[in-house]
There are 2 protein chains.
Amino acid sequence: MSARQVTLAEVAKQAGVSLATASRVLNGSTRQVSEELSERVLRTAEELGYVPNASAQALARNSSSLVGLVVHDITDPYFSCIAAGVTRVAEAAGLSVVLGTTGRRPEREAELLSTLRAHRARAVVLAGSRTTDRAAQSRLATEIDAFTEQGGRVACVSQAKLGTDTVVPGNRAGGRALARALTELGHKKFAVLGGPSELVVARDRLAGFKAGLTDAGIAPPVVVNGAFTRDGGYEAAMELLASKSRATCVFAVTDVMAMGAMAALRERGVRIPEDMSIAGFDDIPTLRDTVPALSTVRLPLEEMGEIAAGLVLDGGGDEARTVRVAGEVVLRASTAHN
Amino acid sequence: MSARQVTLAEVAKQAGVSLATASRVLNGSTRQVSEELSERVLRTAEELGYVPNASAQALARNSSSLVGLVVHDITDPYFSCIAAGVTRVAEAAGLSVVLGTTGRRPEREAELLSTLRAHRARAVVLAGSRTTDRAAQSRLATEIDAFTEQGGRVACVSQAKLGTDTVVPGNRAGGRALARALTELGHKKFAVLGGPSELVVARDRLAGFKAGLTDAGIAPPVVVNGAFTRDGGYEAAMELLASKSRATCVFAVTDVMAMGAMAALRERGVRIPEDMSIAGFDDIPTLRDTVPALSTVRLPLEEMGEIAAGLVLDGGGDEARTVRVAGEVVLRASTAHN
DNA sequence: GCGTGGTTGGAAAGCGCTTTCCAGCGCTGC
DNA sequence: GCAGCGCTGGAAAGCGCTTTCCAACCACGC
């Protein structure tokens with residue numbers, strides 16, 4: 001048990017070379033090492049099963065091979081898709097990703113960032129949606145500054161405004177386009193199941209949707225707010241039904257919320273789409289097989305994760321870059337003509 | 001830009017104490033430090049925004065605050081649920097989890113373990129299901145040994161046999177109980193959409209299911225293998241339909257596969273459950289709202305992640321421990337009487 | 001023959017922290 | 001009054017690696 005780890009020094013000694021030479025061979029430094037020594041070191045390292053101590057390397061180089069990824073809830077397919085994109089790119093670059101989950105508590109974001117800073121992570125992707133909570137935002141901004149000061153890069157998915165690289169999905173444009181598509185189906189009265197009002201993503205989608213209705217000369221929708229989860233959608237839908245709204249079409253700002261809403265509607269005997277049309281946002285792959293198939297705005301989630309990771313790993317200049325990705329309205333069986 | 005990081009030495013100097021004292025104050029060592037100095041150090045650290053360098057700490061202590069988590073595909077809700085459990089426990093213990101994804105390539109598992117070893121992760125949870133691929137298994141076993149030799153702990157979810165702590169879901173028992181429940185519904189001819197034959201989880205579920213049928217004196221099922229994914233389920237179901245099987249009930253060894261299969265059945269005009277009953281395994285939370293609701297064997301996935309993390313973080317003796325968690329059959333609308 | 005420049009190998013100084021070891025001090029007990 | 005103890009603070013030795021700096025050496029050209 002606990003046979004101590006093989007160190008570079010042991011490899012060097014065994015191979016009959018100096019520490020410096022061994023290091024140069026095993027990490028591709030700029031310096032040349034003769035074919036013979038190089039070969040010998042490589043072989044010895046292999047034989048001894050040498051694995052460099054990442055902490056020591058990080059300390060000596062003052063930069064680690066860690067990339068942070070902060071999400072609210074890895075169980076939510078929205079985040080797990082983004083996570084898949086981020087890890088794919090990071091692993092391809094030979095980096096390890098450390099996953100932090102906030103459980104939707106804004107203050108956790110700053111804490112996690114601080115931990116990541118302690119690890120001297122070279123970059124971090126913040127996928128949690130920004131809130132409008134002033135205190136949390138300012139604490140977060142401070143941490144982001146500290147992190148970048150220290151030489152790390154930060155990218156956000158959704159929501160810029162923090163001076164970082166950002167991948168911005170077309171939340172507003174998507175909501176607007178969706179509204180237009182739905183009005184073209186003949187709907188005149190709409191309801192929206194919005195997320196918590198402090199979440200910027202939710203607000204943007206809602207704002208876009210309202211704008212789209214206005215474009216079509218249709219009255220603003222009834223809005224019921226709920227948590228950004230399946231249960232939030234369920235409850236919001238129940239509330240909507242209780243309110244005796246005359247809406248014929250409801251827009252849930254998230255596919256996951258839409259799932260909950262559909263469950264609520266079914267439970268109350270409301271047929272989809274005959275009695276009520278419903279649409280979501282995100283186009284979560286895991287949910288594509290639901291019946292009736294959910295109309296939604298497709299976002300390339302994995303790709304967004306890849307882009308964010310790319311931004312943050314590509315070195316990049318001093319300027320904050322912003323990549324916009326468009327949402328694409330896809331109408332399926334959950335929305336019908338009215 | 002790049003204002004160098006505040007070091008312990010700076011804090012010590014500023015507070016007018018030695019490095020040793022500062023260290024003792026800021027990390028809760030066993031040694032006592034006078035109230036006054038302690039207070040002074042704490043305040044200075046706060047003022048300067050000191051964050052300890054995790055790499056340096058890891059190096060000096062010869063143990064890091066990292067916990068590894070290896071999954072096949074974080075996008076698969078089975079894994080993301082487990083991941084949620086693991087991260088919850090790890091974060092509660094003040095540790096950071098580094099997430100590695102194999103993309104279902106067995107050899108990646110060993111690579112990731114090696115990376116984790118380089119980081120001196122103090123523990124790792126292997127959630128990817130074991131295969132029967134001999135070469136990969138032996139390479140993996142070697143890495144696991146190396147990892148534990150070095151003082152790290154390893155836990156597996158599903159599948160023991162590797163001398164590590166393990167959380168074992170009742171795959172076999174669950175399959176068997178499900179088979180019994182389905183025969184009680186009156187079904188006589190079954191089909192199974194099995195995973196790739198080298199995956200132990202898939203084999204166990206299938207074996208249990210067969211045993212259950214045997215218990216009931218029913219003929220063995222037709223088995224069609226497919227990938228352990230939604231698309232795998234879709235294709236396997238298509239193949240099954242093409243084979244003109246007379247089965248009235250089909251068991252997909254995974255909820256995710258069942259989703260694919262249901263899509264295939266619907267596409268071919270097969271009504272569920274009137275024409276064909278279908279059941280899955282796992283009871284993925286995200287999929288609970290599908291219509292018709294999927295009969296399945298419920299596994300407490302998040303809890304399994306928590307247990308695994310608990311095993312691996314609780315120190316634990318030298319003996320490999322095994323925790324069994326039972327699956328619970330839940331019959332819903334996707335299976336009907338025959 | 002010897003200075004020059006270009007290589008290659010090694011010694012050693014860190015990187016930021018923990019922890020041992022020792023010195024100093026105020027007590028207690030005889 | 002003093003040996004002996006328990007306690008606190010600091011000096012310093014690492015932890016395993018990278019990287020500078022220097023020495024040694026080779027081949028040249030004059």
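Sequence lines set the chain letters: A, B, ... in the order given, protein chains first and strands last, and positions in each chain run from 1. What you see is a predicted model; the values in this text were computed from it and never measured.
- Within the 4.0 Å cut-off from OP1 or OP2 of D:dG10, at least one side-chain nitrogen or oxygen of B:Thr21 is found.
- Regarding B:Leu59, its CG atom lies at a distance of 12 Å from the C1' atom of D:dT18, rounded to whole Å.
- When the nucleotides C:dT19, D:dG16, D:dT18 are ranked by their closest atom to the side chain of A:Thr7, D:dG16 comes out on top.
- Residue B:Asn62 contributes atom CG, which lies 20 Å from atom P of C:dG16 at whole-angstrom precision.
- In this entry the distance linking OH of B:Tyr50 with P of C:dC17 reads 4 Å, nearest Å.
- Nearest-nucleotide assignment on DNA chain D puts the 5′-proximal partner with B:Gly16, out of A:Asn53 and B:Gly16.
- Whole-Å rounding puts the A:Arg120 CZ to C:dC17 P distance at 7 Å.
- Distances from the side chain of A:Gln32 to the nucleotides C:dT8, D:dG9, D:dC17 place C:dT8 closest.
- In this structure, the CZ atom of A:Arg31 is 8 Å from the P atom of C:dG9, given to the nearest Å.
- In this structure, B:Val70 and B:Thr102 have side chains that are in contact, with non-hydrogen atoms separated by less than 4.5 Å.
- DNA chain D is contacted by both B:Ala60 and B:Leu19; B:Leu19 maps to the nucleotide lying nearer its 5′ end (nearest heavy atom per residue).
- Under the 3.5 Å distance criterion, the side-chain polar atoms of B:Thr148 are matched with a main-chain donor or acceptor of B:Ile144.
- The base of C:dG10 sits with one of its N or O atoms less than 3.5 Å from a complementary donor or acceptor on the side chain of A:Arg24.
- Remark: P of D:dG16 and CG of A:Asn27 are 17 Å apart, rounded to the nearest angstrom.
- Rounded to whole angstrom, the span from the CD atom of A:Glu36 across to the C1' atom of C:dG9 amounts to 12 Å.
- When rounded to the nearest whole Å, the span between CZ of B:Arg117 and P of D:dG16 equals 14 Å.
- Side-chain atoms of B:Leu8 lie closest to C:dC17 of the nucleotides C:dC17, C:dA11, D:dC21.
- Between C:dC17 and B:Ser23, no contact under 4.0 Å exists linking OP1 or OP2 to a side-chain N or O.
- Among the heavy atoms of the strands lying under 4.0 Å from A:Ser34 are primed sugar atoms or P, OP1, OP2 only; no base atom is included.
- Residues B:Arg88 and A:Thr101 have side chains not in contact (no heavy-atom distance under 4.5 Å, counting atoms from C-beta outward).
- Residues B:Asp73 and B:Arg104 are in side-chain contact: their nearest non-hydrogen atoms beyond the backbone lie under 4.5 Å apart.
- For B:Gln57, a side-chain nitrogen or oxygen approaches OP1 or OP2 of C:dT18 to under 4.0 Å.
- The side-chain heavy atoms of A:Leu26 and A:Leu42, taken from C-beta on, include a pair separated by under 4.5 Å.
- Here the side chain of A:Leu37 is nearest to one of C:dG9, C:dG16, D:dG9, namely C:dG9.
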